[in-house]
Amino acid sequence: MFRRRPADSSEDLLVRLGWLTARARELAEIQRSRVEFAVALQRGMLPRDLPSLPGARLAVRYEPANHGLNVGGDWYDAFPLPGGQIGMSIGDVQGHNIEAAAFMGQVRVALRALASVTGDPGELLGRTNDLLISLGADLFATCTFLRLAPAAGTLECARAGHIPYIWATTDGRSGIDDGEGGPPLGVLPGVNYPTTFHRLTTSGVFVLLTDGVVEGPSLHLDEGLDRVIRLAGITAVAGLDVDALATAVMKLAATVGHEDDAAVLVVGHDGAPDPSTTEG
């Protein structure tokens, strides 16, 4: 014959409830600390200052995802290169955790370091890709790299699995870069990334962004890109400030319907008029 176990007293229930409450608070504090650390890690790896050269104006906006531990690895970067040029990159690391944020820092540093060896965007992405693979990382990253020469009015671009940049000019033209790209960085060894060359004959703007700005459950990628094209076109024709365009584009991130990193890099350029060539 079994004996019934006496029911817990009210005092025992209160003690147990107090322990569970304290444990929940402890776990919540640990979670909050980890999120704050990851966000600080992200922001600490991004550039504090943007280069300033005659004929070019830059503006950035960046919003990290910090829903739970949903911390991603989006980044942007811009730095001076020899000969009065500017190197610019934007990208997105696979995953949404602290490891993705740390890997983002590795990619950005690799691009900067190797840009001192070669300025050609395609070769730069190829060397960065091989370096990341040699490190044995389990993550990969999409990336766009641009080399702008404001005085010469030239732009060179290479892409590694990233969404193309958007352009608009003061004469009313606008669109999406149609240059050929390659696979994301850190996936396949020995990839040759093509470089697309543009001669900038008319002043205008470029918009580099990550997919967290223009794609999500509530916004299809094509629609998001179309909205950015319209904003860039208005800015270029009206001669508006690049900061205003960066702010307007970033507002799209609030309409995509998910928590994700969002990065925008806007470049205004004066061009170098040459009637014998066209921009596209």
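Starting from 1, each residue takes its place in the sequence as its number.
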A.B. asks: Testing Leu265, Asp177, Leu208, Thr210 for side chain to side chain contact (heavy atoms under 4.5 Å, CB included) with Thr144, which one passes?
C.D. replies: Leu208
A.B. asks: As a quick check of understanding, evaluate side chain to side chain contact (heavy atoms under 4.5 Å, CB included) for Leu245 and Leu231, giving each step before the final call.
C.D. replies: CA-CA 7 Å; Leu245 176 57; Leu231 290 171; 3.9 Å; yes
A.B. asks: What verdict does the side chain to side chain contact (heavy atoms under 4.5 Å, CB included) test give for Asp270 and Arg57, after you've listed the backbone C-alpha separation in whole Å, the side-chain angles of each residue and the deciding distance to 0.1 Å?
C.D. replies: CA-CA 9 Å; Asp270 293 342; Arg57 299 157 299 283; 3.0 Å; yes
A.B. asks: Whether the Thr118 and Asp120 side chains hold a donor-acceptor pair (N or O, under 3.5 Å, no angle test) is what I'd like checked.
C.D. replies: no
A.B. asks: Hey, does Leu148 have a side-chain heavy atom less than 4.5 Å from the side chain of Pro150?
C.D. replies: yes
A.B. asks: Around atom CG of Asp171, are there more than 12 heavy atoms from other residues, nucleotides or ligands closer than 6.0 Å?
C.D. replies: yes
A.B. asks: Any chance the side chains of Thr247 and Arg61 put a donor and an acceptor closer than 3.5 Å?
C.D. replies: yes
A.B. asks: What class does the angle between the rings of Phe206 and His269 fall in, given that below 30° is parallel, 30 to 60° is tilted and above 60° is perpendicular?
C.D. replies: parallel
A.B. asks: With rounding to the nearest 0.5 angstrom, report the CZ to CG distance, Arg108 to Asp77.
C.D. replies: 4.0 Å
A.B. asks: Once rounded to the nearest 0.5 Å, what's the spacing between atom CD1 of Ile133 and atom CG of Leu185?
C.D. replies: 9.0 Å
A.B. asks: With Glu156, which residues qualify under side-chain hydrogen bond (donor to acceptor under 3.5 Å, both in side chains), at least two apart?
C.D. replies: Arg147
A.B. asks: Check whether any side-chain N or O of His162 sits under 3.5 Å from a backbone N or O of Leu209 as a donor-acceptor pair, and report yes or no.
C.D. replies: yes
A.B. asks: For Val205 and Ala232, which heavy atoms make the closest approach, and how far apart are they?
C.D. replies: CG2-O, 3.9 Å
A.B. asks: To the nearest 0.5 Å, what is the distance between CH2 (Trp75) and SG (Cys143)?
C.D. replies: 4.5 Å
A.B. asks: Side-chain heavy atoms under 4.5 angstrom apart, residues restricted to Ile, Leu, Val, Met, Phe, Trp, Tyr: same cluster for Val242 and Ile234?
C.D. replies: no
A.B. asks: Determine the minimum heavy-atom distance between Asp130 and Gly190, stating which atoms define it.
C.D. replies: OD1-N, 3.0 Å
A.B. asks: Taking all non-hydrogen atoms of both residues into account, name the closest pair between Gln85 and Leu53 and its distance.
C.D. replies: O-CD1, 3.7 Å
A.B. asks: Any side-chain to backbone donor/acceptor pair from Thr235 onto Leu240? Under 3.5 Å, distance only.
C.D. replies: no
A.B. asks: Are Val214 and Arg227 side-chain neighbours, meaning at least one heavy-atom pair lies under 4.5 Å?
C.D. replies: no
A.B. asks: Give the minimum heavy-atom separation between Gly122 and Ala158, together with the two atoms involved.
C.D. replies: N-CB, 3.5 Å
A.B. asks: Go through the steps for Thr128 and Leu132 under the test side chain to side chain contact (heavy atoms under 4.5 Å, CB included), then give the verdict.
C.D. replies: CA-CA 6 Å; Thr128 303; Leu132 295 175; 4.2 Å; yes
A.B. asks: Any chance you could lay out the side chain to side chain contact (heavy atoms under 4.5 Å, CB included) test for Leu58 and Ile86, step after step, and finish with the verdict?
C.D. replies: CA-CA 10 Å; Leu58 279 67; Ile86 303 174; 4.2 Å; yes
A.B. asks: Please report the interatomic distance CG(Leu155) to CG(Leu200), rounded to the nearest 0.5 Å.
C.D. replies: 5.5 Å
A.B. asks: From Leu225 CG over to Asp211 CG, what is the distance, rounded to the nearest 0.5 angstrom?
C.D. replies: 10.0 Å
A.B. asks: Which heavy atom in Leu50 sits nearest to a heavy atom in Ala78, and how many Å separate them?
C.D. replies: CD2-CB, 4.1 Å
A.B. asks: Does Ile176 belong to the same Ile/Leu/Val/Met/Phe/Trp/Tyr cluster as Val237, with side-chain heavy atoms less than 4.5 Å apart forming each link?
C.D. replies: no
A.B. asks: Does Glu223 have more than 12 heavy atoms from other residues, nucleotides or ligands lying within 6.0 Å of its CD?
C.D. replies: yes
A.B. asks: Report yes or no: does Tyr193 contribute a side-chain atom to a donor-acceptor pair with the main-chain N or O of Pro183 at less than 3.5 Å?
C.D. replies: yes
A.B. asks: List the atom of Val93, the atom of Ala141, and the distance in Å for their closest heavy-atom pair.
C.D. replies: CG2-CB, 4.0 Å
A.B. asks: Check whether any side-chain heavy atom of Arg173 lies under 4.5 Å from a side-chain heavy atom of Thr202, and answer yes or no.
C.D. replies: yes
A.B. asks: Could you state whether Phe79 and Leu124 fall into the same hydrophobic cluster, counting links through intermediate Ile, Leu, Val, Met, Phe, Trp or Tyr residues with side-chain heavy atoms under 4.5 angstrom apart?
C.D. replies: yes
A.B. asks: Do the side chain of Asn129 and the main chain of Leu188 share a donor and acceptor less than 3.5 angstrom apart?
C.D. replies: yes
A.B. asks: Going from CG on Asp261 to CE on Met104, what distance comes out if it is rounded to the nearest 0.5 angstrom?
C.D. replies: 7.5 Å
A.B. asks: Tell me whether Leu252 is reachable from Leu221 by hopping between hydrophobic residues (I, L, V, M, F, W, Y) whose side-chain heavy atoms are closer than 4.5 Å.
C.D. replies: yes
